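Following: one structure in C-alpha cells, then a few remarks.
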Amino acid sequence: SAVGSWADNAAAERFFGLLKRERVNRRVYRSCAQARSDIFDYNNERIKLNLNGLSPGQYRTQAISITAGNVQY
C-alpha cells in the first residue's frame, strides 16, 4: 500500500496494542535480549493461531483457491 496509509497504521497500532496488553505489560525483562526473544515467541504463537494449524504454504494455497472460487469442503 501507499506510504502513510491509514490502513497500515491501524493494523500496526492494533498489533502493538495487543502485544503490550497480552505480553509486555505482564512481564519484567532483565535484558533487551530476553525481551526480544519473548516478543519473537509471542509473534510466532499468534501467526500459528491465525493459520488454523496449517503451514504457511498450505494456508496460502488454501487462500488462493478460495479467492479463485475453487473451494473444496
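Everything quoted here is computed from the prediction, not taken from an experiment.
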Problem - Separation between CD of Q34 and CD1 of I39, rounded to the nearest 0.5 Å - result: 10.5 Å

Practice task
Rounded to the nearest 0.5 Å, what's the gap from CG on N25 to CZ on R21? Could you check?
Solution key: 9.5 Å

Handout entry: Sub-4.5 Å side-chain heavy-atom contact between E22 and E45
Key = no

Problem - Sub-4.5 Å side-chain heavy-atom contact between F15 and N43 - result: yes

Completion exercise
Shortest non-hydrogen pair, Y42 vs L19, comes out as CD2-CD1, 3.2 Å

